[in-house]
Each structure stands twice: as structure tokens, then as C-alpha cells.
Amino acid sequence: MTPYAEVIGDPIAHSKSPLIHRFWLEALGLEGDYRATRVAPGDLAAFFADRAADPAWRGCNITVPHKVEALDHVADPGDVRASIGAINTVFRGEDGALAGTNTDAAGFWAPIAELDLADRPVTVVGAGGAARAILWALARIGVGPVTILNRNPLKAAALLASFGLKGDALPLAAGTPPAALLVNATSLGMTGQPPLDLDLSPLPDDAVVYDIVYAPLETPLLAQARRRGLATVDGLEMLVGQAAVAFAILFGQEPPRDRDDELRALLTA
Ligand code: NAP
């Protein structure tokens, strides 16, 4: 009985999670497998009932479109519903019952943990599920005013209020004010989507531009930031960061992060 975990979503064929988790399983010499499983909307209850009865199943990661609905099917010991409002990892709790958590916030934060953002202004572009995890993390570390730029600024204003953040919610066309960190949390810049067209000139020279989109790795926004000489963080860093927290939950061991260069080469091959 080989232990296994998986990532579920619809569609799911594009997911890089199996590559990441299998790389770590092999690197650690752990017996186990990690798969990608398409679960259609409406099939979540049956999926969790089936897996709960399978002793080899360690848990799963969850991607679009199930991150919110999955909360209805598992326990929520950390009250993620009231904070981030979506889960991306389901595991077996100590009593064997299925429980959910969210590792996106930790994954987002890990690559910029060394930055001193206390009381410094931050701009977040986007107000979807990923933005919620990012804003939750920013609220926890006490950044300065947060400007959210979003196609729908009312949705952004609701997020500012729900995370107790001071700042502004503005339409995309308003552009970024000076900020120590600018994060793209929209799907703009993804393969097949228009680029995020933003004037970066208001940013100071020590600003960091972070794009959580990871396909392509060098988005037009990051290319523009590099041309301006700004420091950048790409979406693969968050992807690997959230997977690392999930791997420890699912397989009970820390992944070998000293082999990130090899993993990155594999993911970008
Ligand atoms: P989501 O909940 O669907 O939110 C999408 C966001 O993009 C919303 O703010 C939406 O604006 C905006 N948007 C979409 N199309 C737009 C357009 N044509 N013009 C202007 N704004 C547009 O998606 P999500 O789960 O937050 O994911 C967002 C992106 O982050 C995706 O590319 C995803 O792959 C990436 N992501 C990366 C990681 C990682 O680990 N690197 C983790 C999670 C997500 P409205 O609010 O106005 O609809």
C-alpha cells in the first residue's frame, strides 16, 4: 500500500505540483506518490468520501475551482473560512478526520521574509483568491498603507476592510503610488491573457516587484521591472514555497530546500 497524495482541480493537466512533490519524495528516498486528479465541480463530496476511506491517502492540494467549496466538506481547525476564506491543502487530522488549511500565504511570504516592510507602503494588484492569502499575510506583518488596484475596486475595498488594512482601493487605471513592494495577484500576464500594463516609474529604486503568475516565468511586468533595475520575485518562488509547507503536512518531513536550484531547472525545462 504505497502512501500517496494528489492535487485536484478542473482543469488539472497543467499543474506543476506532481513534479515538485515527486522531486522531493525521490530526493528524500521516501516511499510515496503524488498525482494530479481532475475533479469536476459538483463531484467534491464524492471525492472526499472516497479518499477518506482510503488508508493510503495522505491528503491533497486544491486548485481552481475548488478552493472555496472544499471548505464545506472538511473540518476547519484554523478557522481559515473567517480569514483567507479558501483552502489549498486537505490532510488527515489526528483523529483521522479530514481537515483543511491554506499554505498560499506562507508560500507568498517566504521569498520576501528578509524584506523590512514594517510600516512601508505596498501595492497589490488583484482581489481574487490569491490576493486574499497575500493580504492576510501583509496584515499579519504590519505593513504600511496598502493600495489595491483591481478591475472591480469595490471588491478590493471589501478586502481592505475585511483584513483591517489601511489604504486605498482603486481601479487598475489609477496606477501605483510609490511602494516598497508591488505584487501582481491577477491572472494578467499569464499565457493567453493580456499583460498587466502598469507604469512602474512611481516606484522607488529599492522597490521589489513580485509577480505570482508562473506561466510564463518572466512576465511582461517582471521584464519591465528588470529593465528599470528593480529587484524581482517570480511566481515559481511562491509555488514552491506553498508546496513546501504542504509537503511537510502531507508527508511528515521537511522537503530538501537546499536542492531548489535543481527543482527550478526541472520546472523550467
Ligand atoms: P481569481 O480568484 O480568479 O482572481 C483573478 C484576479 O485577476 C481578480 O482580481 C480579477 O479581477 C483579475 N482579472 C482576471 N482577468 C482580468 C482582466 N482581463 N482584466 C483585469 N483583471 C483581471 O484567481 P486567483 O486564484 O486569485 O489567481 C490569480 C493568479 O495567480 C493566476 O494567474 C494564478 O495562476 C496565480 N496564482 C499563483 C500562485 C503561485 O503559487 N505562484 C498561487 C495562486 C495563484 P476581478 O476581481 O475584477 O474579477
Side-chain angles (χ1 to χ4, degrees), residues 7-21 41 61-71 80 84-89 101-112 123-138 146-160 162-163 169-176 182-198 209-222 232-247 255 260 263-264 267-268:
V7 58
I8 64 164
D10 186 15
I12 200 60
H14 67 287
S15 174
K16 292 188 185 293
S17 294
L19 267 178
I20 299 172
H21 287 266
N61 289 119
I62 301 171
T63 187
V64 177
H66 302 311
K67 285 186 174 187
V68 175
E69 200 200 328
L71 269 165
V80 179
I84 298 173
I87 52 175
N88 74 338
T89 306
T101 188
N102 190 311
T103 69
D104 278 337
F108 160 74
W109 186 243
I112 53 168
T123 297
V124 174
V125 191
R132 290 187 67 95
I134 289 165
L135 291 164
W136 181 83
L138 293 173
V146 174
T147 301
I148 307 182
L149 303 175
N150 199 46
R151 177 170 63 178
N152 175 351
L154 281 182
K155 199 169 148 190
L159 282 192
L160 273 183
S162 75
F163 291 106
L170 302 169
L172 286 170
T176 180
L182 179 129
V183 185
N184 175 34
T186 70
S187 39
L188 294 174
M190 244 175 98
T191 309
Q193 294 277 331
L196 171 59
D197 187 16
L198 210 58
V209 176
Y210 191 156
D211 198 334
I212 73 163
V213 167
Y214 56 83
L217 209 50
E218 168 126 322
T219 59
L221 177 74
L222 290 187
T232 59
V233 181
D234 66 43
L236 216 50
E237 301 222 26
M238 174 169 168
L239 188 74
V240 173
Q242 62 76 28
V245 182
F247 185 89
D260 271 10
L263 175 59
R264 235 182 130 78
L267 290 168
T268 52

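The structure displayed is predicted, hence computed values, not measured ones. The analysis underlying the following values was restricted to heavy atoms, covering all of them including side chains, and did not include hydrogens, waters or symmetry mates. The residues of the chain are indexed from 1 along the displayed sequence. Note that ligands are numbered from 1 as they come in the structure, with each ligand's atoms numbered from 1 the same way.
Looking at ligand 1, you won't find any N or O of Pro194 less than 3.5 Å from one of its N or O atoms. Polar contact with ligand 1: present for Lys155 (N/O pair, distance under 3.5 Å). Remark: ligand 1 and Gly235 share an N or O pair separated by less than 3.5 Å (distance only, no angle test). Polar contact check, Gly126 against ligand 1: no nitrogen or oxygen pair lies under 3.5 Å apart. Residue Gln193 has no nitrogen or oxygen atom sitting less than 3.5 Å from a nitrogen or oxygen atom of ligand 1, judged on distance alone. Ligand 1 has an N or O atom lying under 3.5 Å from an N or O atom of Arg151, backbone or side chain.
For the pair Thr89 (side chain) and Ala246 (backbone), a donor-acceptor distance under 3.5 Å is absent. A donor-acceptor contact shorter than 3.5 Å is absent between the side chain of Tyr214 and the backbone of Met238.
The nearest protein heavy atom to atom 11 (O) of ligand 1 is closer than 4.0 Å. Proximity of atom 42 (C) of ligand 1 to the protein is indicated by at least one non-hydrogen atom lying closer than 4.0 angstrom. Remark: atom 23 (O) of ligand 1 lies closer than 4.0 Å to no protein heavy atom.
Interface of Ala127 with ligand 1, defined as ligand atoms under 4.0 Å from a residue heavy atom, comprises 9 (O). Remark: ligand 1 atoms within the under-4.0 Å shell around heavy atoms of Ala185 are 28 (C). Annotation for ligand 1: atoms under 4.0 Å from non-hydrogen atoms of Gly129 are 2 (O), 26 (O). The ligand atoms of ligand 1 that sit less than 4.0 angstrom from a heavy atom of Asn152 are 47 (O).
No donor-acceptor contact under 3.5 angstrom links the side chains of Asn61 and Ser17, judged on distance only.
In this structure, Ala130 and Ile212 approach most closely via the heavy-atom pair CB-CD1, 3.4 Å. The two residues Leu149 and Pro171 come nearest to each other via the heavy atoms CD2-O, 3.8 Å. Considering all non-hydrogen atoms of both residues, Asn184 and Leu188 come closest at ND2-O, 3.1 Å.
Of all the heavy atoms of Met238, the ones lying under 4.0 Å from any atom of ligand 1 are found in both the backbone and the side chain. The proximity of Leu172 to ligand 1, defined as any non-hydrogen pair under 4.0 Å, is limited to the side chain.
Nearest non-hydrogen protein atom to atom 36 (N) of ligand 1 is Ile212 CD1, 3.6 Å.
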